[in-house]
There are 2 protein chains.
Amino acid sequence: MTNSPKGRARGADKRRRLMSAAARVVHQQGVERTTIADIAAAADVPLGNVYYYFKTKDELVQAALAEHAGHLAELTGELDELPDPLQRLKALVDAWVGQRDTTARYGCPTGTLAAELDKRADGGLDLEAGEVIRSLLNWTEQQFRELDLPDPDDLALTFVGAYQGMSLLANALRDPEIMTGQGTRLTRWLDSLMEA
Amino acid sequence: MTNSPKGRARGADKRRRLMSAAARVVHQQGVERTTIADIAAAADVPLGNVYYYFKTKDELVQAALAEHAGHLAELTGELDELPDPLQRLKALVDAWVGQRDTTARYGCPTGTLAAELDKRADGGLDLEAGEVIRSLLNWTEQQFRELDLPDPDDLALTFVGAYQGMSLLANALRDPEIMTGQGTRLTRWLDSLMEA
DNA sequence: GTCTATATATAGATAGAC
DNA sequence: GTCTATCTATATATAGAC
């Protein structure tokens, strides 16, 4: 029997709360500086209970990565509703700029996570982080392809690379306005591609 | 009295060896996963002796950062010998592409270090990492300024951002050829700026 | 399913002989 | 200046009562 839905922590969604907290805290503190106790506290779950849902810390990190992948899929899913591929790409830039304060403080969630996981000798989670970035590249490439532009795979690398680069600089210099300025530049670049 | 220069480890340069090892190992493993024992082993210095040269781990990390800053200053110093600013920027791209294998495996030394330090709550070393990136931005901006291009500061952000972005993607996807392809694109972009 | 108490491992840092 | 042995703190993970 599950508990009644009366108490503040219903229990049925504890796993979800832990995933969400893991994504948030790992983004803010990084994988290595985040303890399971940190995540447990953020999710309002007692330390020992965490292990009922996730057997190891790596599983929690994997859950955090999956959470970010889910956010990204949700975003591109919404953008797919827009009729024009160019419009979709511009809206993605707008969404990135809209996150400028968080990005200036903690960097791109997926990018910083991938960079940190890539430093690990055990080739496991690092590959999964690469897959999340790969899926964003694939979505972007598809937009360029629909626009009948040459070398859509190269354009996708330039586009996503520009985002990762501006995110890292905004974070390193703690300046959200870098996202605004470079976002404008990226939008102008998209327009310039259509002229040719 | 210092030892004779006969033994393999002369002692006078132990500090230098530790700095070099710290830069190398921290680049490969990241700050948090690198132990002082790792650095000591890489520098061929006994663990306890490290503390004679660096009182804390943070001082070793700071030394690694200074080492990378030195490499960068050395590189831009050589580029300053070239007569034309456009030539200098293109040569910098070539240097980056020349490092493609290391970058695909471990990322940009300064970029990944800055990203990792920015996750720390204690606002100390993270600011210094930002300064190293800032100095590269300043050097780049100066080149654009000498070329009489508009908004040299913005162009510098785009240029360095493109490098950071392609480095992160090459690292996340473990593909050095991303550096080659995007390097070519970056060089073409530099040329296109001169046409206007 | 939940939670407290604790075992175990690791890493930063120090003591003190040489 | 050098180096071994060790202290101490922290974090992952588990045991076992409820």
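Throughout, a chain's letter reflects where its sequence line sits, starting with A, and its residues are numbered from 1.
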Here the distance between atom P of C/dG12 and atom CG of B/L47, to the nearest Å, is 9 Å

A/N49 atom CG is separated from D/dG16 atom P, nearest whole Å, by 18 Å

Separation of C/dA13 atom C1' from B/L60 atom CG, nearest Å, is 12 Å

Rounded to whole Å, CD of A/E32 lies from P of C/dA11 at a distance of 11 Å

message = Assess, by modelled atom type and distance only, whether the side chains of A/Q164 and B/Q164 contain a donor and an acceptor separated by less than 3.5 Å.
response = no

With sequence neighbours left out, the residues meeting side-chain contact (heavy atoms from CB on, under 4.5 Å) with B/A69 are B/V132

Looking at B/R88 and B/L82, would you say the former's side chain and the latter's main chain have a donor-acceptor pair under 3.5 Å?
yes

Under 4.0 Å: is that the gap between some side-chain N or O of A/Y52 and OP1 or OP2 of C/dT2?
-> no

B/R120, CZ: over 12 other non-hydrogen atoms inside 6.0 angstrom: yes

In whole angstroms, the gap separating C1' of C/dG1 from CZ of A/R15 amounts to 14 Å

note: A/Y51, atom OH; C/dA5, atom C1'; distance rounded to Å ~ 14 Å

So the ring pair (Phe, Tyr, Trp, His ring centres under 6.0 Å) pairs with at least one residue in residues 57-90 of chain B (sequence neighbours excluded) are none

Residues of residues 35-42 of chain A with a heavy atom under 4.0 Å from any atom of DNA chain D, listed by number, are A/T35, A/I36

Legend entry - N or O in side chain of A/Y53 less than 4.0 angstrom from C/dT2 OP1/OP2: yes

#### Entry: Any B/K55 side-chain N or O less than 4.0 Å from OP1/OP2 of C/dT14
no

To the nearest angstrom, the CD-C1' distance between A/E59 and D/dT12 comes to 13 Å

Within the 3.5 Å criterion, strictly below it, is a donor on A/T35 or A/D38 matched to an acceptor on the partner's side chain?
yes

Rounded to whole Å, the CZ-P distance (A/F54 to D/dT14) equals 16 Å

query: So, A/D126 and A/K119, do they make that salt bridge, N to O below 4.0 Å?
result: no

Quick note, A/K57 side chain, CB onward, closest among D/dT2, D/dA13, C/dT4 is D/dA13

